[in-house]
Amino acid sequence: MKNATIIIFILLTSLITYGQDITGQWNGILKVQGTQLRVVFNIVKTDKGYSSTMDSPDQGAKGIPVTSTNFENSVLKLEVSSAKIEYTGELKENNFVGDFKQGGQSFSMTLSREKVEKEKLIRPQEPTKPYPYYTEEIRFENEKDKISLAGTLTLPTKEGIYPVVVLITGSGPQNRDEELLGHKPFLVIADYLTKNGIGVLRFDDRGIGESKGDFKTATTLDFSSDVESAVKYLQTRKEINKKKIGLIGHSEGGIIAPMIAAKSKDISFIVLLAGTGIPGSELLLLQKELIERVSGIPENKIQNGLLTNKGAFDIVIKANDQEKLKTDLTNYSKQRLQESPETKPKEMSEDDFVSVVVNQLTSPWMQFFIKYDPSIILKDVKCPVLALDGDKDLQVSSKVNLEAIKKGLEKGGNKNVTIKELPNLNHLFQECKTGTPDEYAKIEQTFSPTALSEISNWIVLQTK
């Protein structure tokens, strides 16, 4: 009788599994370092089982082929080999509860048949429409690279002649609001400055948002040509005081602003927000060291990682042949893995890990950034400069970089320089506790009111 019961239970289980219809749309929210990305899997039945596609609505991607779709014993397994994505989830109460894996990292994600909404983040500084000033969606051309760029111009009123600033985003793909981790710092800055009588042009990076072009192949120098095109556009506008055009660059934007100001008399002043004054290779090593130390990483691991990265950067700096660079970095990465296998995430194979490292270090942007020394160009900047940074910035050390910026400008004889280190502010100019990047999304404040006031007051003095 006991055996009969077991057989009946197995038969019932098989019938239940067979009867589960998983076809249709499954929706999830992927939460990565404070960012929320919607993920959609579209599953259909086939003669051989199932097939599916993946959508990433927030990244504008739709119909990405899913390499394999398997469903057995209430467990769904999906693989997108082209993006090294895997999802495994167990069907529980009409939802798949499981993990989304990519690039050696794993994140919990539940898939539901119902459409899921992102959690609403509290961002009290973010302005809401209607704005008490004139706003215009604009397009301009980078004639050199034949790229059409899109942005927003805000002016105190529609009629009048105003000083204006161009906002320059930091590293990584950024839209005109420099949106990241639920924050829109450039929207907040533009709102504040426009309310204080200063026009603002902010625009989507090339290949991002409504701007054309290819972001992946661009370097810092390429992005500087986009900013130059924005300045040329402003000179065609009757509302702009052409003798009072300034640049505000954040992080990488703080590298770009001096590039342009050093060779253009059209720039009246520049503001560097967490700008850099040391070579990119040194900056990346210092950034890694500071963040890991505050995060509690053991000192021996920090030093070992710095040694590994310095060796890789040295290879990049000396390279003049792309194929040889890839070979040298591949061999070096494999050698370092044999010496320190703990540096590789457990979920990744050695080949995948080495491939990720080599692809990152051989990208056009990274090669330029590692080799570039901003101090060289700073001596040629003759216009007024305001350099601000927070004393808890772990990505661009304020003490090291503000001093380097000051020395670079002084070397060229620039006497109209204001350098300020602002207390308790991180790389995004938020009031913070530790300064670590994992705090950014958790902080409600988008941009310190103190920093906003410093920027606005200084620009008003320059444009009188």
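Atoms considered below: every heavy atom in the structure, side chains included; atoms not considered: hydrogens, waters and symmetry mates.
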Could you walk me through whether Leu428 and Ile443 pass the side chain to side chain contact (heavy atoms under 4.5 Å, CB included) test, one step at a time? CA-CA 11 Å; Leu428 300 189; Ile443 300 172; over 6 Å; no
Regarding [X] and [Y], is there a side-chain donor-to-acceptor distance under 3.5 Å anywhere?
X      : Y      : result
Arg123 : Thr446 : no
Asp373 : Ser375 : yes
Asn309 : Arg336 : no

Can you list the residues that meet the side chain to side chain donor-acceptor pair (under 3.5 Å) rule with [X], with sequence neighbours excluded?
X      : value
Ser52  : Thr69
Asp266 : Gln235
Gln322 : Gln367
Ser224 : none

Can you sort out the partners of Asp393 under salt bridge (charged side-chain N to carboxylate O under 4.0 Å, His left out), two or more places apart, ordered by chain and number? none
I'd like to check Gln25 versus Val40 (side-chain heavy atoms, cut-off strictly below 4.5 Å). Are they in contact? yes
Counting C-beta onward and ignoring hydrogens, is there a side-chain heavy-atom pair between Val165 and Phe269 closer than 4.5 Å? yes
Crowded around [X] [atom1]? As in, over 12 foreign heavy atoms under 6.0 Å?
X      : atom1 : result
Glu339 : CD    : yes
Lys406 : NZ    : no
Asn94  : CG    : no
Glu342 : CD    : yes
Lys433 : NZ    : no
Lys118 : NZ    : yes
Glu119 : CD    : no

Under 3.5 Å, which donor-acceptor pairs link side chains of residues 227-234 to any protein atom two or more places apart or in another chain?
residue: Glu228; atom: OE2; partner: Lys263; partner atom: NZ; Å: 3.3
residue: Ser229; atom: OG; partner: Ser225; partner atom: O; Å: 2.9
residue: Tyr233; atom: OH; partner: Arg237; partner atom: NH1; Å: 2.7

Compute the ring centroids of [X] and [Y], then answer whether they are less than 6.0 Å apart.
X      : Y      : result
Phe96  : Phe41  : no
Phe429 : Phe447 : yes
Phe223 : Phe215 : yes

Would you confirm whether Arg202, through its side chain, and Asp177, through its main-chain N or O, come within 3.5 Å as a donor-acceptor pair? no
Are Glu350 and Lys334 ion-paired here, with the side-chain N under 4.0 Å from a carboxylate O? no
Should the pair Lys45 and Tyr50 be classed as cation-pi, given the thresholds of under 6.0 Å to the six-membered ring centre and 45° from the axis? yes
